[in-house]
Structure formats: C-alpha cells, structure tokens
*Asks:* 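I'd like to ask some things about the structure below.
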Amino acid sequence: MHFHMSRYSFKDIEARWQARWESEQCFAATEEPSRPKYYVLEMFPYPSGRIHMGHVRNYTMGDVVARFMRARGYNVLHPMGWDAFGLPAENAAIERGIDPSEWTYGNIDTMRRQLKALGLSLDWSREFATCDESYYHQQQKLFLALLRNGLAYRRESWVNWDPVDHTVLANEQVVDGRGWRSGALIERRKLNQWFFRTTAFSDSLLEALQTLDRWPERVKLMQQNWIGRSEGACVLFRLKGRDDRLEVFTTRPDTLFGASFCAISPNHPITQALAESDPRLADFIARCNRLGTSEEAIETAEKEGIDTGLRALHPFDPDWELPVYAANFVLMEYGTGAIFGCPAHDQRDLEFARKYGLPVVPVVAPDGSDPATFSIGDEAYTGDGRLIHSRFLDGLAVPEAKATVTQRLEAAGDGAGTVSYRLRDWGISRQRYWGCPIPVVHCERCGVVPVPEDALPVVLPRDVRFDVPGNPLDHHETWKHVPCPACGGPALRETDTMDTFVDSSWYFVRFCSPHADAPVVGSAAAYWLPVDQYIGGIEHAILHLLYARFFTRAMAATGYLDLEEPFAGLFTQGMVCHETYRDEAGKWLFPTEVTMNDAGQAVHAASGRPVTVGRSESMSKSKRNVVDPETIIATYGADTARLFMLSDTPPDRDLDWSDAGVEGAWRFVNRLWRMVAETELPMAARDAPAPEGFDPSGPGAAQETLRAVHKAINDVTADLERFGFNRAVARVRELTNAVAVLSEADPAAAWVRRQAFETLTQLIGPMMPHLGEALWEALGHETTLATAAWPTADPALVVDDTVTIAVQVNGKLRGTLELPRDAEEGDVRSAVLSLPVVAEFVAGRTPRRVVVVRNRIVNVVV
RNA sequence: GCGGGCGUGGCGGAAUUGGUAGACGCGCUGGACUCAAAAUCCAGUUCUGGCAACAGAGUGUCGGUUCGACUCCGACCGCCCGCACCA
C-alpha cells in the first residue's frame, strides 16, 4: 500500500493559489508604453443566474490565451464584466415580482463567485455591469454625440404588437404568429422609433473586412453577405391611368424584356392606399402582418400574391402592360419595396409565375444552346449567356446588356444605375424598462430636445409597476413628466430604452478606462485597443460584431476614438451540447434526473418510468439538457473542468458533454500530480548543469526523453498560437507518456527528469493553472508560475537524424524505409528499388516513373 | 426560403494543408497488483478473411482531376448556426 495514493486535493490547492494570485495582484493590468500589450477578451456574459458550460468553455479558452501571452512577455489586459440589461430581468419581474435590479445584481454576485472558482487570470478591478449607472451614463453621452452628428435619428418603423397584452414583442416572443404569454394573434404596428445610421458606413464596414486577416473567413463572408452590396438599376415604371411611378430595384436590368409582372410589398405606400378602397387587399395585408417582423417567418411562408388591379407599363414599350401584384415575399426594408418579376431567370419569380399562370419568356440563353428552342422547365436559368427575345439587346452578353439597358433608361429618364445594400439602419428603440434610457425629451413646442450633458444620467426609476402591461416607464407619471430643457414648458421624457446590443457595442472600449468620468480616456484606448484576441460564440458572427464595428466607427467619427476596427483577431467557439431527455408526458428532464436501469435503458430516477433520449443539442435551460459547472468544479476541481473543455474537441466545433470525458481529465490531473510531485525517482537540483560528458544528441533513453521535451515545447507553442487546444493537450499527454517510461536513475536521467518536469509544468500552466502552481512549488520554485516565462526549445533537439519514408507501388503502401534525413534523391531511389517488397510488386516490369518526395514518400509507378 | 458551416473507427477527434488515414483520449477486451473492490500499471483494439505472416476494403453518397485525394472540383444526402426586438 502506497501512502501517497491519496488523490490530488484540488480543493485546498485551488483555493490557496487563487488567494495568492489575488494578494500578489498577478493579473492587474497597467499601461506600460514600453512593453508590447495584448488585449484578450471573451464576450461578456449575460447574468442569467448561474454560469453554464458554454461560459466555462469560452472563458477557459480566453484564459489559456491570456496566460500563454503573459508568459511570452506581453502586458496582458484580460477583463470581465456583465451584459446586464435585457428582457429576462423584466420577465422575472413580471412572473415573480422581483425587482430587475436586485435580480440582476444578485445573479452577478453568484456568477462572479462561480467564475472566480475557475481560476481565471482576470483583472477584476476593471469589472462593471452595463446596468451600472456609471456605465449607462457614459453611453447616454455617446448617444447624444451620435445625435449631434446625424448618426442617430427617429422615424417610423414596424413592431410586433400583442393586441391583448398591449405590448411590443420580441421576435423570440412570437410563436407561430401568436404572443407567447397571451396567445393572441400578433399584428405589425408602426411606431416612431430611434435608429442608428449604420448605412452611413456600409462601404467601410464591407471593405475593411479585407483587412481583418485574423478573422475566420466564414464570419467575414457572412458579414459581407449581410451588408449585401449589389450593383443594379432602379427602373421607374409608369402606371396605367396614374401620374405616379413605381420605383423598382433590380440586379438584373438585362432581363427587362423577360418581365412578366411587378410585385410590391404589402406595406408599400401604394398597396396601403389601394387597400383603403379594396377590402380584399386590406384583408391580404392584415394576413401578411400577422407573420410579424421576422424575415425568416416572411421568407418561409408560402409565396402568395394578389393582383392589385394596377398595370405597369414597360419602359421600352408603352403598349406592354404588366400586372402589379401585392406579394408577401417582397420586403419593404430592402431596395424600394417593389420588384419586377422575370420568371425565366429567377427561381422565386418562376414559382410565383407558375402559381398565377404568368408568362415565362427566357431572355438569356446559355452559350452553346439554341436560342430558338431554349426554354425553361422547373428551374430558372441564372447563369451567363447571350440575350434573346430582347429587341435591341439581342446577341449581347449579360454584362453588356446590363450596361446598355441602364444607359437607355437613364437617357429616357426612366431609371438609373444604382448600388443597393441589404444592410439597414439599426433600430435601437425598445419599449421596455430594463435598458439604458434614451436621453431626450419630447416638448410640445420644441420637439425632440436632448437632455443636457450636465443633467445626465437619465436614471432608471426604481419604483415601477410590472402588473400593468406595456412599458413601465410609460406608466410612471412623475418620471415621465419633466420640464423642457430648452423652454421650460411641459414635456415628456423619451420612454424607449436602448437595444442591449448598444451596451455590448463599446464595452471593450470601456474596459481600457472603466472608472473614468468620460466614455473613453484617449491614452488608455490608444495603448490597449484594438482587442488583439476576441473570443465568443459563432451565434454572434453577424449582429453583435457588426454593431460593434459600426459603433467603433461612430465613436471615431464623434472624436472619441482613433480606430477603425475594434477586434484585430477573432475566434468563434462552438457550443456545448448534451443529450436531451423527455418523460412519457413529453416533459424535459435534467440529466441528473435520468439513470440507466439494469436493462441498460434510460429511466426517470425517481419514478423508474421510461425516458426518451433525444439527440445531442446545444445546452439550454428550456430543454434542461444542462450540466451545472459548479457541481463539476465541486467534484473534480476547476483544472479538471478546464482540461476537459480543452481536450478532444477542436474549439470551433460543438462539444458534446460526457461524464466519461470528465473522468478521463480527472485521471490525467492526478497522474501529473503523482508523476511530478510524488516522484520516487532521482531528480537533479534546480538549475543544475547537465552531467559531465552528457551528449544531448546522442543515443540513450534520457536523450530520447530530452528530445521529446523539446519537441513538445515546439508543438504545444505552435498549437496554442493557432487555437489548437485539443492538439496541445494531446502533445502534453504524449510528453507525459514519454517521461513516464524514463525509469533510469543515473545522473543523466535525473537531469533530464528535472528538465522534463519543469517543462511539463510550464506547458500545462495556461490550461491547468492551479495544478501548474502546485507542481511549480513542488519543484522548488518560490515565485508563481503565473509570472514565469514560457520555455523555449533547442532547435538542435527537435529534428531527428533519420526519417521514415513511405514506400508505395502504384499509389498503394507496400512498406516503409528508415533513411537519414535529407538523403540524396538518387540514394533514396535505389534504396527503395532494391527493397524485396518493391521487387515483388514490380514483378520484373520496368518502373514507368518513380516519384520521390523528400523525407516523406516514394511512389513507384509501373 | 436566403446566407454561412460541418460530416473520418463503438465514441470525441489527429493527419506537417495533395504524400504511411486513425496521433491523443474515452470505451471495450485480456493480464498484473489485491482476500476482494476501487485506484494504478502493462498489452491489444478501423472493418472483412486468416492461428499468423499477410491480403482486400475504408474518411456521408455518387462522379471527376492526379503518380498519389480525408484534403482539390461537380452533383446529391444529413446535421448545425444566423436571418436585424433572445443574448
């Protein structure tokens, strides 16, 4: 019985090192202009109540980067805060009568404690919540700056309206066209709302994507498509019997002679006007409005249209009349809210034309096809070719036809070439309580009046009621009624608050000078920004990142920043998933409620009733497929949880939670502890020189281990640099295996063991920092590993003298060959050809070709 | 519907970016230690055939390029993320 078989006591060790890091202020960041800085940031959490595994994964990755870069000599900024405004606090207030502020700050206290238990190397002195008065105070200043510069404005736009609860609903709160609480059919309503002029930076947001060389290509692509710059033309159709014109945007002006109808949005002013005297149309609009404001809902609904009775006249043929439909798939927000339909060359138009029996005339024929017989079946032809059935365009290629049509339209005053963007201005108004108040006042005489800076912040009142539907700020008479700052007359506060995306669009700036009485301190921002490495979920690939990029530009335009792009490097991590469980009634069950019975079937632990096991899905409260990090940390410790988050699954892919995987990580933590801290084999003293006559490049077990050590330094460093955490863990495990087999006790082995243990400890430091410190101390160090430098590899020890060459005959592996590195091609060739296996498969034939790839492979082709 | 991505053993994944497919881990099988168990250690583990040496097949499916394809190209299937008021 070995007395040291007791397991690694993580509870004491983790608490002890967390206390020491704090007392030594290891992670407090200060500006040191002489040192290179590195700003690591993970997307800050919403304080929902408790941290979840997605947080553990996100913050572990960021912490590895932070500790790694610190060890490599960078002055690292690694802050944490809370994205604390938002709907859930209000839902808690409505459902359980809890004050949103108390609910939020209570959650923050819990989650801070949980995050601290993970041993993250954060500078907690910079912490703030976006619902702190001191934060939203600065945000209100920024709003006023945008307003002064024309980047904030007010106009009408649509919301989802619940006619029973008299409340505006988020898209998420609309389920199958009904309000989630009331169950009432929702409607679209127009309200006056605040917008940020994101479109002022359309081109900059698009073009600067090219400079973001440390962003994932797919995120840049998604942003590019979201901005959706398209060149085309607007065409002004005359309307039969009317004086006004229908303005249509198209990317395919070349197909104008293939037009068979026009379609306008249900919310187009023309449709709205016609509906007043056309009940059929009014009914259609009402039905479309029930789809809500979500583009997804609109686009997935069955394509439907209704003939408005209007007739559009073809710009090149006044006798050619096109029916004008109101169609549910035409978005008022994109282009001009009106299109012309060319069914032969657009799939959606084709389906619409087939449904309503409209003509389908091909006007572009692919090269090599016969224009006389080319026709369209079930699929529109969207490719290149030559124009047919198109009068003056016949025979032209598509690009030439586009240019020709556009010129003719311009000459006739019937249209013009234009550039259109899919990107819309950002609607920031929310008819809700728990958000940053928009600091303006509406005066009967003066109109919209900004609240003067010295009267800021506009503070959220605490005495609000959630038992009446609607916006509590709107019901708060004493808060709402104020004298006009300009004329002193009676006025009303703006009761809309800001979208929480505004809060998260500049928090990374605030971290540079979190306590300043101004949004930004120039010198701090200049030193720390941009964020060198931003890490967060792929679900934020478009909106949050785009808004933050916009806001950075807006802050630059208003003089607060000298910066274009906020995030120099971006990494998008995958989600944490788990199997889902439902009981017989279909109710979701927590994994802790489910066990296996003797027959190996999943059953409800309490009742023994059968449980349906669903496939692994992203952990979510609603499906209850969650594992509580706190339980894991209490059982195995933070290092085990961190290790599991980093092992096996590449960080950008979804990770499947498994209990067995955690056990494996736990075993490895213990194995390292036993091997290094409790070794019974001799180990040289710290900083002892190599034993006399020791040749590190020579043969021997110790030498082999030493080479493994240096290779591991190289490999782990490279892996950590490119977010290969799972590979880095595998390399560390390999090194552990290599060190474990070194059982010799001679001075050379003792010296190598010291090198190996020190290196191993340093390499695991960023991933398992508490274990790292404990081992570092056991190895005799008095200062912390957190402040120690990263090890460097000896280049002479990382390459082997010989290489294994794969030998193929006709592309099939027939053997391998051990040869000196960088051997002459001729020598390699003859060595391979003289192999018995090769001779056997060549079978007397003369090789037609011998492909030799240096240090890698030889392929004999016969 | 539109945009973006992913798919490799029983499982998570690796593969120097066109050069020995399956590193590392989980699981499983056998063994050592133990009165026994746990823990630990050792060995094996893609599939098919074979005692074995070995042979054949194999990276979602079908086809193509190449001396050589998990990697490149085309079509298809399945799953995931986003779609502007969830954060």
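Just so you know, these numbers use all the heavy atoms, side chains as well, and skip hydrogens, waters and symmetry mates.
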*Asks:* rG3(B) P sits how many Å from Asn225(A) CG, rounded?
*Replies:*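 In whole Å, rG3(B) P and Asn225(A) CG are 8 Å from each other.
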*Asks:* Expressed as a whole number of angstroms, how long is the span from Gln223(A):CD to rG82(B):C1'?
*Replies:*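 After rounding, the gap between these two atoms is 11 Å.
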*Asks:* So what does Asn726(A) touch, heavy atoms closer than 4.0 Å: a base, only the sugar-phosphate, or nothing?
*Replies:*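 The residue Asn726(A) makes sugar-phosphate contact but no base contact.
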*Asks:* Whole Å only: how far is the CZ atom of Phe668(A) from the P atom of rC41(B)?
*Replies:*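 Rounded to the whole Å, the gap is 11 Å.
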*Asks:* Once you apply a heavy-atom cut-off of 4.0 Å, does Leu546(A) come out as touching a base, just sugar-phosphate, or nothing?
*Replies:*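 Nothing, no nucleic acid heavy atom in range.
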*Asks:* Evaluate whether atom CZ of Arg848(A) has more than 12 neighbouring non-hydrogen atoms of other residues, nucleotides or ligands under 6.0 angstrom away.
*Replies:*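 At most 12 heavy atoms, drawn from other residues, nucleotides or ligands, come within 6.0 Å of this atom.
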*Asks:* Across all strands shown, which nucleotide pairs with rG82(B) by Watson-Crick or G-U wobble geometry, both distances under 3.5 Å?
*Replies:* rC2(B)
*Asks:* What integer number of Å spans the C1' atoms of rA75(B) and rC11(B)?
*Replies:* 31 Å
*Asks:* Paired with rA57(B): which nucleotide, if any, by Watson-Crick or G-U wobble criteria at under 3.5 Å for both distances?
*Replies:*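 Its partner is rU46(B).
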*Asks:* If we check side chain to side chain contact (heavy atoms under 4.5 Å, CB included) with Val828(A), which of these qualifies: Val852(A), Leu833(A), Val850(A)?
*Replies:* Val852(A)
*Asks:* For rC83(B), does the base pair up with any side-chain atom of Glu295(A) as donor and acceptor (N or O, under 3.5 Å, distance only)?
*Replies:*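 No such pair is found, so the answer is no.
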*Asks:* Could you tell me how far apart Leu221(A) (CG) and rG4(B) (C1') are, to the nearest whole angstrom?
*Replies:* 7 Å
*Asks:* What is the distance, to the nearest angstrom, from the CG atom on Leu655(A) to the C1' atom on rC81(B)?
*Replies:* 16 Å
*Asks:* Specify the residue among Ser647(A) and Met222(A) whose closest nucleotide of RNA chain B lies further upstream toward the 5′ end.
*Replies:*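 Counting from the 5' end, the first nearest nucleotide belongs to Met222(A).
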*Asks:* Please give me the minimum heavy-atom distance between Phe725(A) and Pro651(A), naming the atom from each residue.
*Replies:*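 It is CD1-CG, 3.8 Å.
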*Asks:* With a distance cut-off below 6.0 Å to the six-membered ring centre and an angular limit of 45° from the axis, does Arg155(A) pair with Phe195(A) as a cation-pi contact?
*Replies:*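 Yes.
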*Asks:* When the C1' atoms of rA84(B) and rC79(B) are compared, how many Å lie between them, rounded to an integer?
*Replies:* 25 Å
*Asks:* Tell me if the side-chain of Arg731(A) makes a donor-acceptor pair with the base of rC24(B), cut-off 3.5 Å, by modelled atom types.
*Replies:*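 Check fails, no donor-acceptor contact within cut-off.
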